[in-house]
Amino acid sequence: MDMSVMFVTLPSLSAGIRPSSSQLLWIMDSYGFLLAGLLVTMGTLGDRVGRRRVLLTGAAAFGLASALAAFSTGPEYDRPRWPTLR
């Protein structure tokens, strides 16, 4: 279901931040890889630490990441520019 949400979001995502085709491919693929990788990892962590704690922590992290993504102006990460010493 999660990847189908990404496919539905794809047209508005493309119109909003105007990624190139390779950037759009990275966005779609990294979402799927991250989801698959964290599924097993968080399941194991939930067995050890507690499912409720992992669920609440994951929901908080998802909310924070969604809020940060909402303010995105483009597909690339603009790292902070440190002042150069001359």
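Residues: numbered from 1 along the sequence shown. From a predicted model like this one, the values you see are computed outputs, not experimental measurements.
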What one should report as the nearest heavy-atom pair of Ala67 and Phe71 is O-CD1, 3.1 Å
Quick note, side chain to side chain donor-acceptor pair (under 3.5 Å) partners involving residues 36-50, not counting sequence neighbours, are Asp47-Arg51
Gap separating the [atom1] atom of [X] from the [atom2] atom of [Y], nearest 0.5 angstrom:
X	Y	atom1	atom2	value
Ile17	Ser12	CD1	OG	9.5 Å
Ser30	Leu35	OG	CG	11.0 Å
Leu34	Leu39	CG	CG	11.0 Å

Determine whether Leu45 and Leu38 fall in the same hydrophobic cluster, where Ile, Leu, Val, Met, Phe, Trp and Tyr are linked whenever their side-chain heavy atoms lie under 4.5 Å apart.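 Shared cluster, yes.
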Give the cluster check for Met28 versus Phe33: same hydrophobic cluster or not, with ILVMFWY residues linked at side-chain heavy-atom distances below 4.5 Å.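 No, separate clusters.
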Pairwise side-chain contact, Leu24 with Leu10, heavy-atom cut-off 4.5 Å (strictly under):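 Counting from C-beta outward, Leu24 and Leu10 do come under 4.5 Å.
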